[in-house]
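Bear in mind that the values here come from a model prediction, so they are computed numbers and not experimental data. To find a chain, count down the sequence lines: A is the first, B the second, and so on, and within it residues start at 1.
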Amino acid sequence: MTELAKTYNPGEVEQRWYAHWERAGLFRARPNPEKTPYTVVIPPPNITGILTMGHVLNNTIQDVFVRWKRMQGYETLWMPGTDHAGIATQNVVEKSLAGEGTNRHALGREKFVARVWEWKKEYGGTIIRQLRRLGATCDWERERFTMDEGLSRAVQEMFVRLHEKSLIYRGKYIVNWCPKDHTAISDDEVNYHEVQGHIWHIAYPVTGSDERAIVATTRPETMLGDTAVAVHPSDERYRHLIGKTLTLPLAGRGIPVIADESVDVAFGTGMVKVTPAHDPNDFLICQRYNESAPVERRMEPLSIFDVSATTNDLVPEKYRGLDRFDARKAVVADLTAGGFLVKTEPHTHNVGRCYRCDTVIEPYLSDQWFVRMKPLAERALAVVQRGEIRFYPDRWVKTYEHWMTNIRDWCISRQLWWGHRIPVWYCVGDDHCTLECGKPIVSRTKPDACPHCGSGNLRQDEDVLDTWFSSWLWPFSTLGWPDDTPELRYFYPTDTLVTGPDIIFFWVARMIMAGLEVTGGIPRPDGSPRTGDGSIIPFRNVYFTGIIRDAQGRKMSKSLGNSPDPIEVIDEYGADALRFTIAYLAPLGQDVLYSNDRCELGRNFANKIWNAGRFLLMNARETAASPSGPEGLDAHSDLADRWIVSRFNSTAIALNDALGKFDVNTAARILYDFLWHDFCDWFIEMLKGRIYGDEPAAVKTAVMGRAMFMYEETLKLLHPFMPFLTEELWQNLRRRRPSESIMVDAYPAGDPARVDRGTERDMGFVQECINSIRNIRGELSVPPSREITLLVRFTDPAMSGVLVKYEGYFRRLARVSEIRKHGSGKKPPQSASAVVPGGEMFIPLGGLIDLDAERNRIEKELVRATAMFSNTEKKLRDTSFVDKAPPQIVEQERKKLDSFKSTMEKLKSSLGNIG
RNA sequence: GGACGCUUAGCUCAGCUGGUUCAGAGCGUCGCCCUUACAAGGCGAAGGCCGCUGGUUCGAUCCCAGCAGCGUCCACCA
């Protein structure tokens, strides 16, 4: 048996075991009627992405759950895959084309899309490769991509079904338009930022009068697209103007004054310029006006910008071809020159920007496809409110409710080339085409001919679908939907979704809607969950992670350069160290302040565990021991043995409990504390006393065997957090009983019958005594090299017995050479003293004692004890406390009082004869 | 404007619907130790009116209200 290295070296170990696990097919999941399924779908990372600390947090937590459940015996599927990320990917490829001096238009659509596929092939798997470094146990053989054939079919099927139910419609509306990406984006893809801008007051002359209507606007350039000015119908100031015509400055057109309830009389001048093609509210005003206006007076929105937000031919010649911001300058200059600008005021308002490229969004009138969300949202809201889907932490339910009850229709068409082409065709028509044509033909497959005129001359809708239109199908499309597959029957619904709250609307909410809408037809094995109306939820639990921030609390961002590369961290500290640190630092739903040096926590912990294993292996050889198995739990056991067995079991229980409550952070702490403090600091140190002592060989073998067994069991507990390290140690411990992997061994549940209160109490007492001695040694600078004699005086014979019985532990842990009873009377001369439960301890130090230091030490104790005493006394003198508090609490306080009193007396007595 | 979260030691955070000597851990700092697993370690110590103000209660770090600061999300009146 070769010895382990002195420090843990993760690099080689990680590569080796990951390859082994994959070769052995341990990540694979297959429908298995003998087992209960447990399913997690990965939030598919963008193919443009590289691994970030956010992914590390996310995927570590998923892997912890997945490994835990797998060890618990579930048929565990972690479904991996990637997202095609429409805009992001198209941008990346366009950028590389620009580097070659060309662009997508020069290439043409088909070649461009082919080019993106090439790019995807080359770079799209980056994150997936990186996740392996982290130790993720996804079933890689099932890896999916949102644009692969099956998922594309799911997208088409979804579109057609929703269209059949009239939940998808097409129409001309104001949408959020990104002038850089040349596409519409959804309301949720706009980020608003506050900016210091201006508000301009502009005078519009009333035709045939000297009067002028003053409007206030933050976007003067859009006046070129004004089609009216609106006032509140009951605003006395302007009522006489309703129906009159104004002359639009610079353009010279006549526009009407109309009435609309939405005008706020208190804001600005109470008169609003109406630009229906470039402002969502104005668009609504226009619609309302047109509903009641006679046909000949209806307003036609006037679009003055092209797709790049550059002015078009519908504005006066002078202003054509200007970028919107240049147009603003030109318009303001001319308004000023023409005497139309009444005043300019500073004004703070919010400006929307594209979430992808940060370009200022232009409200833009265009033909788009929408999903009618209300009907979908109602059911999706209900399943969360009924608790069929639970959020962790549950405060996100409120956010979800708010969005769901104020939901707006979802613009799903994108004017991009990379994405799922909308499954809609239009008849371009032949000569004999009738008027029916031009209507959209929505179809799962390309139609041969127009159903109305028979023309074969069909043109597919140019647009693609929003990326999220494929992501919202992810939990079931990855399992084969719309086909009826064994996987779908077995693994759906999934169990836990782990994701960031930033995509609660984009993704989580929509998956719930989609799942409820279309998966109701999936046949279920008996007893599996279904909601009241027969539909199936896509997952039972949603775990919302926090956000990883830097040490200063700032968000990680490319521009700040504060995003650590997790791969570099893994190279430096090891994947286990990173995983454990992240899990330890991340309380449920709280943001995490992270910097690389924090991984020392995990690295040091890994090394600590490693060395505990090293110690056991070295001594296993000496004592010819091997892990005993459960049958060896009680052989030749003494306090330390019984204690570690008890502690192990309560730890396992608490750990499973924490994981069950999605409290990963607590679980990590439980493991850390048990392993470092209970197992290493106390148990191993106590173990040394026995295996280095003169026990019979058989006893040593039994004791070591049990220690190794407990250690093995602990490695199992730790495995979901630190898979590589635990596997390596496990295999080393098990050389005589080869095992394929720790990752398929049973996860210890913890046995309440093995938790022994009496043992823990005795051990607590021993620990307290040892701590007291250590305190004295530290405070009085008694070096470890100097052994001491311990004199004890106990009123409680049981405690005294425990102490004497475990003298050996004092020898090793407190460097006590001998324990003797001290009779009544004064404390021994030139000795330090300590009060412990049930008695006193004295340490004669001879000439070595620093009397001042000892006096200080005891005085400090006395101050503390006195404070405790008077607090308790005060409490007990308070009649309302004695009358109203529960009797057991009062009794407890009385006992405390006695104890403090006795401690004080002992301390005073010691102080009295300090010399 | 609305909603939510956070505020505990120098730093980062634990404190389980109020009572166990409850005020804790890690890092950092300061002592002492290269003790035959581990210096990425061991032992000890110093450091805090638990954000502020009220309320509920016999009793509040914990529950309630208000306030302040920080952060996030949503809405958005030109």
Side-chain angles (χ1 to χ4, degrees), chain A residues 4 6-8 192 199 215-219 222 230 262-264 266-269 271-275 279 281-282 285 347 349-350 352 393 395-396 398-399 402-403 406 501-502 504-505 546-547 549 551 553 555 577 584-585 587 589-595 597-598 600-601 603-619 658 661 663 665-666 669 672-673 677 680-681 684-685 688 692 771 774-779 781-785 812-815 864-865 867-869 871-872 875 878-886 888-890 892-893 896 899-900 903:
Chain A
L4 299 184
K6 199 168 174 183
T7 54
Y8 173 55
Y192 288 91
I199 190 157
V215 299
T217 180
T218 53
R219 296 202 56 198
T222 63
S262 73
V263 178
D264 180 352
F267 189 90
T269 60
M271 301 186 91
V272 184
K273 61 191 276 303
V274 179
T275 322
D279 184 284
N281 288 317
D282 294 3
I285 293 177
H347 181 68
H349 62 132
N350 286 321
R395 59 186 150 85
W396 290 108
K398 264 198 165 177
T399 308
H402 184 257
W403 191 71
N406 293 285
D502 49 330
I504 184 170
F505 307 134
I547 296 166
R549 299 170 177 280
K555 268 189 182 172
Y584 187 92
L585 289 178
Q590 284 308 126
D591 289 356
V592 183
L593 269 55
Y594 172 88
S595 62
D597 52 13
R598 299 224 165 175
E600 286 178 17
L601 171 85
R603 182 201 57 181
N604 293 355
F605 186 46
N607 194 49
K608 188 74 181 174
I609 298 157
W610 177 259
N611 273 289
R614 184 163 171 261
F615 167 83
L616 292 174
L617 281 169
M618 286 167 71
N619 288 289
K661 290 193 292 203
D663 200 347
N665 152 68
T666 299
R669 279 166 202 274
Y672 186 92
D673 289 341
H677 299 121
C680 292
D681 288 348
I684 286 187
E685 291 308 317
K688 284 176 183 171
Y692 295 159
N771 286 340
R774 284 172 169 177
N775 173 277
I776 288 169
R777 298 192 77 116
E779 293 281 286
S781 302
V782 181
S785 53
R812 173 159 283 278
L813 274 62
R815 302 196 63 76
R864 186 179 148 79
M868 293 299 210
F869 177 81
N871 277 346
T872 311
K875 216 184 232 184
D878 185 347
T879 50
S880 55
F881 170 73
V882 179
D883 292 346
K884 295 189 182 174
Q888 62 271 33
I889 296 291
V890 178
Q892 196 174 287
E893 291 297 315
K896 265 159 65 175
S899 155
F900 293 141
T903 300

Whole-Å C1' distance, B:rA60 and B:rU53: 15 Å
A:Asn665 versus A:Arg669, side-chain donor and acceptor atoms under 3.5 Å: yes
Classify the ring geometry of A:Tyr692 against A:Phe615: parallel below 30°, tilted from 30° to 60°, perpendicular beyond 60°. perpendicular
Reckon A:Ile504 touches a base, only the sugar-phosphate, or nothing at all at heavy-atom distances under 4.0 Å? nothing
Can you find a side chain N or O atom of A:Lys398 that sits less than 4.0 Å from OP1 or OP2 on B:rC4? yes
Rounded to whole angstrom, note down the P distance from B:rU29 over to B:rG24. 22 Å
Atom pair distance, as rounded to whole Å: CG in A:Asp681 and C1' in B:rG26: 14 Å
Looking only at N and O atoms, is any donor in the side chain of A:Gln590 or the base of B:rA14 less than 3.5 Å from an acceptor on the other one? no
When only distance counts, do a donor and an acceptor, one from the side chain of A:Lys6 and one from the base of B:rA37, lie under 3.5 Å apart? no
Answer yes or no: side-chain N or O of A:Asn350 and base N or O of B:rC76 forming a donor-acceptor pair under 3.5 Å. yes
Where each residue is assigned the nucleotide of RNA chain B containing its nearest heavy atom, which of A:Pro783 and A:Tyr584 is assigned the position nearer the 5′ end? A:Tyr584
For nucleotides B:rC11 and B:rU17, find the distance between their C1' atoms and express it as a whole number of Å. 31 Å
C1'-based separation of B:rA68 from B:rG59 [nearest Å]: 28 Å
Rounded to whole Å, the CZ-P distance (A:Phe615 to B:rC38) equals 10 Å
Tell which nucleotide pairs with B:rA40, taking only Watson-Crick or G-U wobble pairs whose two distances are both under 3.5 angstrom. none
For B:rA37, does OP1 or OP2 lie under 4.0 Å from any side-chain N or O of A:Tyr692? yes
Reported CE-to-OG1 distance for the pair A:Met271 and A:Thr217, which is rounded to 0.5 angstrom: 14.0 Å
A:Tyr672 ring centre to A:Lys608 NZ or CZ under 6.0 Å, with the angle to the axis within 45°? no
Watson-Crick or G-U wobble mate for B:rC73, both contacts under 3.5 Å: B:rG2
Does a side-chain N or O of A:Lys688 approach OP1 or OP2 of B:rA37 to a distance below 4.0 Å, or not? yes
Could you tell me whether the phosphate oxygens of B:rG41, OP1 or OP2, come under 4.0 Å of any side-chain nitrogen or oxygen in A:Asn604? yes
Using Watson-Crick or G-U wobble geometry with both distances below 3.5 Å, tell me the partner of B:rU21, or none. none
Please give, in whole Å, the distance from B:rC73 C1' to A:Asp591 CG? 12 Å
Distance, rounded to the nearest Å, where A:Lys875 contributes NZ and B:rG59 contributes C1': 6 Å
Trace of the side chain to side chain contact (heavy atoms under 4.5 Å, CB included) decision for A:Phe605 with A:Ile609: CA-CA 6 Å; A:Phe605 186 46; A:Ile609 298 157; 3.6 Å; yes
B:rC73 OP1/OP2 closer than 4.0 Å to side-chain N/O of A:Lys555: yes
Under 4.0 Å between a side-chain N or O of A:Asn775 and OP1 or OP2 of B:rC43? no
Give me, pair by pair, the N or O atoms of the protein and of nucleotides 48-50 of chain B that are less than 3.5 Å apart, along with how far apart they are.
none

Measuring to OP1 and OP2 of B:rA78, would you say a side-chain N or O of A:Lys273 lies under 4.0 angstrom away? no
What is the distance from OH of A:Tyr594 to C1' of B:rC27, rounded to the nearest Å? 15 Å
B:rG66: pairing nucleotide in any strand, Watson-Crick or G-U under 3.5 angstrom: B:rC52
Roughly how far apart, to the nearest Å, are B:rA25 and B:rG47 at atom P? 14 Å
Could you state the atom-to-atom distance from CZ of A:Arg812 to C1' of B:rG42 in whole Å? 13 Å
Spacing of A:Gln888 atom CD relative to B:rC58 atom P, expressed in whole Å: 16 Å
Can you tell me which nucleotide in B:rG19, B:rA23, B:rG26 comes closest to the side chain of A:Ala885? B:rG19
Considering just the side-chain nitrogens and oxygens of A:His347, establish if one lies under 4.0 Å of OP1 or OP2 belonging to B:rA78. yes
When we call it a touch if two heavy atoms are under 4.0 Å apart, what does A:Glu779 touch: a base, just sugar-phosphate, or nothing? sugar-phosphate
A:His402 NE2 - B:rC73 P separation (whole Å): 15 Å
If pairing means Watson-Crick or G-U wobble with both distances under 3.5 Å, then the partner of B:rU29 is B:rA45
